[in-house]
Asker: 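What follows is a structure written as structure tokens; I'll ask about it next.
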Amino acid sequence: MKGPRTFEEQTECIVEALLSDFLGEDEGFAYRSLETDSFASSNAGCTPFPCSLSAVSEREPSAGAEASSTFDSVIIASRLRRLGDQYNEDLEQPAQRIIAEVAKGKVEEFGVMVDSLSKSWSSLNPELGYERAFLAVSVKLLAYLSRKVPAVARRIQLVELINGNREVRGYIETRGGWENFEN
């Protein structure tokens, strides 16, 4: 199975893995665990999630993309979830604001809220950096919304939010892409 090759495709797969976990959708995750970064040894070499690649999957390089067999959206989603777990601020008020705005058709409120919370958190914790704070807050807020109002979580445009943020994208790419995120 050919895996996602571009940053955008990889981001989409990672967000889908997060949403599937948060919303309790088991499609293809029967042998995977976001909590442990594990893949059942009896299924080594399988690709249960369409966007996942195990270390033994083959991949053909494409123009502008390095060949890599290490992209695994479930493992990367797990790393993002652990990063999000570092954010311990109360999310009730921001979530209620997002829910109200999404109900009005304004899905961009999620991005506005993530940016605001990320800047506040990273200014209090400069060693964290805006980019990591942005990813942590995004994941934590998405998890919170998934528990409270699952229908809203599916409407959040996290893929576009990450792909469209030059600082966050640059941070990930300068560290070798998603494959090396928090590795």
Side-chain angles (χ1 to χ4, degrees), residues 1 3-4 6-39 47-53 71-122 130-169 172 178 181-182:
M1 172 185 272
T6 66
F7 182 86
E8 292 83 1
E9 290 170 338
Q10 289 180 343
T11 303
E12 185 175 347
C13 288
I14 294 162
V15 170
E16 188 58 39
L18 282 167
L19 280 169
S20 292
D21 180 56
F22 295 155
L23 297 173
E25 299 167 354
D26 290 331
E27 296 174 21
F29 284 107
Y31 302 105
R32 303 299 298 268
S33 169
L34 287 190
E35 297 299 319
T36 61
D37 280 2
S38 68
F39 186 53
T47 55
F49 185 66
C51 289
S52 294
L53 286 177
F71 178 81
D72 189 318
S73 59
V74 174
I75 290 173
I76 298 162
S78 176
R79 292 174 186 159
L80 282 170
R81 187 172 187 168
R82 281 195 306 269
L83 180 63
D85 288 343
Q86 295 175 20
Y87 186 74
N88 294 316
E89 302 300 317
D90 181 35
L91 292 173
E92 185 63 33
Q93 281 187 322
Q96 290 304 321
R97 183 171 164 190
I98 291 167
I99 292 165
E101 293 300 311
V102 169
K104 297 176 192 173
K106 298 180 181 177
V107 295
E108 65 276 357
E109 184 62 29
F110 180 84
V112 171
M113 190 61 63
V114 166
D115 190 55
S116 174
L117 294 171
S118 300
K119 286 177 179 172
S120 295
W121 191 35
S122 62
Y130 167 76
E131 299 85 356
R132 290 182 72 235
F134 180 93
L135 292 167
V137 170
S138 297
V139 170
K140 189 71 167 211
L141 194 51
L142 183 64
Y144 186 89
L145 289 169
S146 296
R147 283 191 310 276
K148 294 288 187 182
V149 189
V152 169
R154 275 279 174 206
R155 294 182 61 197
I156 299 300
Q157 298 173 342
L158 184 55
V159 173
E160 293 82 359
L161 190 62
I162 293 171
N163 287 340
N165 187 311
R166 287 185 203 156
E167 293 147 288
V168 172
R169 183 177 179 147
I172 295 163
W178 282 115
F181 179 75
E182 298 287 304

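Below, all heavy atoms of this structure are taken into account, side chains as well, without hydrogens, waters or symmetry copies. One-based numbering along the sequence shown.
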Asker: Check whether any side-chain heavy atom of E12 lies under 4.5 Å from a side-chain heavy atom of E160, and answer yes or no.
Answerer: no
Asker: Ignoring hydrogens and angles, tell me if any N or O in the side chain of Q96 forms a donor-acceptor pair with the backbone of Q93 under 3.5 Å.
Answerer: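 Answer holds: no.
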Asker: Could you report the tightest heavy-atom contact between L142 and A153, atom names first, then the distance?
Answerer: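 Shortest heavy-atom contact: CD1-O, 3.8 Å.
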Asker: Are L145 and F22 close enough that some pair of their side-chain heavy atoms sits under 4.5 Å apart?
Answerer: no
Asker: How about L141 and Y87: do any of their side-chain heavy atoms sit closer than 4.5 Å?
Answerer: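 Not touching, per the 4.5 Å side-chain cut-off.
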Asker: Would you call Q86 and K140 a side-chain contact if the rule is heavy atoms closer than 4.5 Å?
Answerer: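 Answer no - side chains too far apart.
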Asker: Using a strict cut-off of less than 4.0 Å between a Lys/Arg side-chain nitrogen and an Asp/Glu carboxylate oxygen, indicate whether K119 and D115 qualify as a salt bridge.
Answerer: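 Salt bridge present between K119 and D115.
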Asker: Mind checking salt bridge (charged side-chain N to carboxylate O under 4.0 Å, His left out) for R154 and listing every partner two or more places apart, or none if nothing turns up?
Answerer: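 For R154 the salt bridge (charged side-chain N to carboxylate O under 4.0 Å, His left out) partners, ignoring immediate neighbours, are E16, E25.
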Asker: Could you report the tightest heavy-atom contact between R155 and G105, atom names first, then the distance?
Answerer: NH2-CA, 4.1 Å
Asker: Salt bridge between E109 and K106, side-chain N to carboxylate O under 4.0 Å?
Answerer: no
Asker: Could you tell me if the side chain of I172 sits less than 4.5 Å from the side chain of L135, heavy atoms only?
Answerer: yes
Asker: Do I156 and V152 come within less than 4.5 Å of each other through their side chains, counting heavy atoms only?
Answerer: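 Sidechains of V152 and I156: in contact.
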Asker: Can you confirm if the aromatic rings of F7 and W178 lie within a centre distance of less than 6.0 Å?
Answerer: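 Yes, close enough.
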Asker: Which heavy-atom pair separates S138 from V114 by the least distance, and what is that distance?
Answerer: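 Minimum heavy-atom separation between S138 and V114: OG-CG1, 3.2 Å.
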Asker: How long is the straight-line distance from CZ of R79 back to CD1 of I76, given to the nearest 0.5 Å?
Answerer: 6.5 Å
Asker: For the CD atom of Q10 and the CD1 atom of I162, what is their distance to the nearest 0.5 Å?
Answerer: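 Between Q10 CD and I162 CD1, I get 12.0 Å after rounding to 0.5 Å.
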Asker: What residues form a salt bridge (charged side-chain N to carboxylate O under 4.0 Å, His left out) with R147, not counting sequence neighbours?
Answerer: none
Asker: Is there a side-chain contact between L117 and E89 (heavy atoms, below 4.5 Å)?
Answerer: no
Asker: Could E8 and R169 be called an ion pair, given the rule that one side-chain N must be under 4.0 Å from one carboxylate O?
Answerer: yes
Asker: Which residues pass the ring pair (Phe, Tyr, Trp, His ring centres under 6.0 Å) test with F110, sequence neighbours left out?
Answerer: none
Asker: Which atom pair, heavy atoms only, marks the closest approach of F71 to S73?
Answerer: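 Heavy atoms only, the tightest pair is CE2-N, 3.9 Å.
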Asker: On a heavy-atom basis, which atom in F134 and which in S118 lie closest, and how many Å separate them?
Answerer: CA-OG, 3.0 Å
Asker: Side-chain contact, heavy-atom cut-off 4.5 Å: V102 with V149?
Answerer: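 A side-chain contact is absent here, since even the closest heavy-atom pair is not under 4.5 Å.
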Asker: If you measure from CG on L161 to CG on N165, what distance do you get to the nearest 0.5 Å?
Answerer: 7.0 Å
Asker: Find the distance between CD1 (I98) and NZ (K148) and round it off to the nearest 0.5 Å.
Answerer: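 Separation between the atoms: 13.5 Å.
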Asker: Which atom pair, heavy atoms only, marks the closest approach of L23 to S146?
Answerer: CD2-CB, 3.8 Å
Asker: Tell me whether R82 is salt-bridged to E182, with the criterion being a basic N under 4.0 Å from an acidic carboxylate O.
Answerer: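 E182 and R82: not salt-bridged.
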